[in-house]
Amino acid sequence: MAAATAAGAAAAAAAVSLIACYLLFRNRSTKVPWAPTVRSSCASGRRTRRRGLVEAIGNTPLIRINSLSDATGCEILGKAEFLNPGGSVKDRVAVKIIEEALESGELTCGGTVTEGSAGSTAISLATVAPAYGCRCHVVIPDDAAIEKSQIIEALGATVERVRPVSITHRDHFVNIARRRALEANKLAAVQTQTNGLVHVDSKTAYDKLATMQRESNRTQNNDPSHVSAQMPRSGKCNPSSDSKGGFFADQFENMANYRAHYEWTGPEIWEQTKGSLDAFVAAAGTGGTIAGVSRYLKEKNKSIRCFLMDPPGSGLFNKVTRGVMYTKEEAEGKRLKNPFDTITEGIGINRVTRNFMMAELDGAYRGTDREAVEMSRFLLRNDGLFVGSSSAMNCVGAVRVARDLGPGHTIVTVLCDSGMRHLSKFFNDQYLADHGLTPTATGLEFLDK
């Protein structure tokens with residue numbers, strides 16, 4: 001009996017010990033603020049339901065990039081924007097631009113959103129527009145990866161591929177997109193009087209607009225097969241309803257771009273790190289991401305340092321560091337056909353946009369195409385991260401910042417999109433070989449200078 005009592009006491013003591021250990025470890029805080037919380041049950045771990053596509057955008061995870069963190073002694077975190085429904089950070093911008101346009105009356109249900117884009121914003125607009133009952137028309141430079149325009153067409157939007165020219169040229173893809181919105185508005189104004197009421201023949205107007213677009217493509221010697229005669233049917237509007245004209249999204253100058261990141265991305269980064277970060281670094285195209293995030297973080301904590309990462313051919317590095325918009329590729333006799341002498345897409349620019357003017361920066365770094373290519377392969381080999389060219393360039397910047405600040409700091413950057421929309425160029429072995437960019441590095445030695 002005594003032995004049984006002793007055994008029972010031992011078992012009880014062991015049970016109490018196990019319960020105590022469980023409670024201790026269950027309630028223990030995680031080592032870093034951005035680490036996921038351990039869930040106590042399967043039920044509580046289920047993902048909250050989202051009502052429709054739009055609500056699924058945002059709240060992307062902040063990923064510790066293990067290889068870069070271990071190599072630098074810093075915590076390098078990437079905001080995984082490639083996990084948005086449309087596959088990039090531009091989903092946020094598309095939502096904000098369309099919602100503000102609908103609220104202001106510049107865009108109405110059934111209207112056509114037009115945009116000039118190198119790819120990601122166009123894909124996001126084509127993804128999001130139908131959720132608001134709108135159509136989408138995109139003008140894209142023909143040197144962008146072909147899969148981007150194929151994705152946009154598959155999403156039901158109209159695509160025009162045009163030659164890359166200076167922004168000052170009337171046929172720059174952004175300027176053409178602006179004209180398409182005006183044309184849509186003019187065609188929507190083709191009216192007939194019915195019982196004293198204004199009536200718009202939407203089918204006729206839309207057919208005329210598609211014809212004008214095809215003629216424009218032939219004039220510019222582009223492949224007419226790139227133009228789709230179909231647009232997505234609205235999920236919220238009667239597709240046979242009257243035409244509502246066009247709205248030019250104007251991602252470069254529309255401040256909704258900046259506000260999307262100031263009101264949305266920036267606060268998410270702050271909450272996910274619990275304010276425990278030392279620096280933020282990102283490249284800029286329209287400037288919306290770096291402007292919105294940097295300004296928000298600086299307002300929360302002035303000591304957080306924010307940096308630009310600039311690709312070849314862009315003048316923003318000199319603008320930030322010297323106050324002058326200049327790049328060596330623009331020197332007399334050396335200007336290339338494409339102002340941006342880089343294989344990266346969606347980043348780099350030779351003018352200051354309204355969005356970029358809102359950025360609060362402490363400095364800038366300059367990267368190369370080789371560094372971006374090597375970084376993308378390094379991340380794929382060591383972390384399983386299959387990221388696009390701008391994401392790779394951002395990670396180059398994160399390592400530069402980490403090395404300058406020294407071990408023990410936390411640096412956040414943005415993983416803008418995945419490599420899935422960069423297969424024909426950035427992840428094409430033959431294309432890289434033709435440009436002398438075949439990756440050869442085994443580690444991060446390509447960043448050693």
Side-chain angles (χ1 to χ4, degrees), residues 54 57-58 60 79 81-82 84-104 106-107 113-129 131-132 134 136-140 152 167 172-175 177-178 181 246-269 280 282-299 306 308-310 314 316 319-320 345-361 390-391 394 413-417:
V54 173
I57 294 171
T60 53
K79 188 82 163 115
E81 291 296 291
F82 58 83
N84 279 309
S88 83
V89 66
K90 296 297 185 179
D91 280 13
R92 299 175 186 265
V93 178
V95 166
K96 192 65 172 173
I97 285 177
I98 291 177
E99 286 192 348
E100 288 194 5
L102 288 169
E103 290 172 5
S104 68
E106 294 178 89
L107 174 66
V113 181
T114 73
E115 182 58 296
S117 167
S120 289
T121 302
I123 292 172
S124 293
L125 285 170
T127 300
V128 170
Y132 291 96
C134 297
C136 185
H137 179 95
V138 173
V139 185
I140 187 170
I152 299 166
I167 185 65
H172 184 276
F173 62 94
V174 171
N175 296 331
R178 182 182 289 107
F247 168 74
F248 176 47
D250 197 14
Q251 60 166 328
F252 287 88
E253 306 300 333
N254 189 333
M255 296 301 288
N257 184 345
Y258 154 78
R259 286 189 286 272
H261 300 292
Y262 177 80
E263 299 173 4
W264 200 355
T265 317
E268 282 184 15
I269 291 173
F280 173 78
T286 64
T289 303
I290 197 167
V293 173
S294 66
R295 183 167 286 265
Y296 180 84
L297 293 178
K298 288 282 192 180
E299 287 181 2
C306 297
L308 168 76
M309 184 63 191
D310 215 26
S314 175
L316 292 179
K319 181 63 178 177
V320 172
E345 295 183 2
I347 55 175
I349 193 170
N350 284 327
R351 59 190 172 91
V352 178
T353 66
R354 289 181 63 202
N355 284 290
F356 187 80
M357 281 197 261
M358 299 299 293
E360 292 193 16
L361 301 175
S390 57
S391 302
N394 283 348
T413 191
V414 179
L415 303 179
C416 314
D417 66 1

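This is a predicted model, so every value here is computed, not measured. In what follows, residues are counted from 1 in the order of the sequence shown.
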With salt bridge (charged side-chain N to carboxylate O under 4.0 Å, His left out) as the rule and sequence neighbours excluded, what pairs involving residues 113-122 come up? none
All heavy atoms of Trp264 vs all of Ala260, minimum pair found to be CB-O, 2.7 Å
When you look at Glu360 and Cys306, which way does the side chain to side chain contact (heavy atoms under 4.5 Å, CB included) test go after all the steps? CA-CA 7 Å; Glu360 292 193 16; Cys306 297; over 6 Å; no
Which residues pass the side chain to side chain contact (heavy atoms under 4.5 Å, CB included) test with Tyr258, not counting sequence neighbours? Met255, Tyr262, Ala291, Arg295, Asn355, Met358
Identified side-chain hydrogen bond (donor to acceptor under 3.5 Å, both in side chains) counterpart of Arg92 within the set Glu263, His261, Glu81: Glu81
With rounding to the nearest 0.5 Å, note down the distance linking CD1 in Ile97 to CZ in Phe247. 7.0 Å
Report the C-alpha distance between Val174 and Val139 in whole Å, list the side-chain angles of each, state the deciding distance to 0.1 Å, and finish with yes or no for side chain to side chain contact (heavy atoms under 4.5 Å, CB included). CA-CA 7 Å; Val174 171; Val139 185; over 6 Å; no
Heavy-atom closest contact (Asp91 atom, Gly86 atom, distance): OD2-N, 2.5 Å
Tell me, do Ile140 and Ser117 make a side-chain contact under 4.5 Å, heavy atoms counted? no
To the nearest 0.5 angstrom, please state how far the OG atom of Ser314 sits from the CZ atom of Arg351. 11.0 Å
Side chains of His137 and Thr114 only: does a donor on one sit below 3.5 Å from an acceptor on the other? no
Just jot down the side chain to side chain contact (heavy atoms under 4.5 Å, CB included) partners of Thr127, sequence neighbours excluded, or say none. Leu53, Ile123, Leu155
Under a 3.5 Å threshold, yes or no: a donor from one side chain and an acceptor from the other, between Thr60 and Lys79? yes
Do Phe356 and Ile290 come close enough that some side-chain heavy atom pair is under 4.5 Å? yes
Yes or no on side chain to side chain contact (heavy atoms under 4.5 Å, CB included) for Phe280 and Ile269, after CA distance, side-chain angles and deciding distance? CA-CA 10 Å; Phe280 173 78; Ile269 291 173; 4.1 Å; yes
Flag, side chain of Asn394 to backbone of Met309, donor-acceptor distance under 3.5 Å: no
Just by distance, with hydrogens left out, do Glu253 and Thr353 show a side-chain donor and acceptor under 3.5 Å apart? no
Give, for atom CG of Asn254 and atom CD of Gln251, the distance between the pair rounded to the nearest 0.5 Å. 9.5 Å
For Gly116 and Ala177 the tightest heavy-atom approach is N-CB, 3.3 Å
Rounded to the nearest 0.5 Å, what's the gap from CG on Leu316 to CG on Leu308? Could you check? 5.5 Å
Distance, nearest 0.5 Å, that separates NZ of Lys319 from CG of Asn350: 12.5 Å
Distance (rounded to the nearest 0.5 Å) between Ile347 CD1 and Ser390 OG: 5.5 Å
Do Ser120 and Cys416 have side-chain heavy atoms sitting under 4.5 Å apart? no
Shortest non-hydrogen separation from Ala284 to Gly287 and the atoms involved: CB-CA, 4.1 Å
Heavy-atom check, side chain of Asp417 versus side chain of Ser391, under 4.5 Å: yes
Measure the shortest side-chain to side-chain distance between Tyr132 and Leu107 over non-hydrogen atoms and say whether it is less than 4.5 angstrom. no
From the list Thr286, Asn257, Ile167, Thr121, side-chain contact (heavy atoms from CB on, under 4.5 Å) partner of Phe252 resolves to Thr286
For Ile152 and Gly119 the tightest heavy-atom approach is CD1-O, 4.3 Å
If you compare all heavy atoms of Ala282 against all heavy atoms of Thr413, which two are closest, and at what distance to 0.1 Å? CA-OG1, 4.5 Å
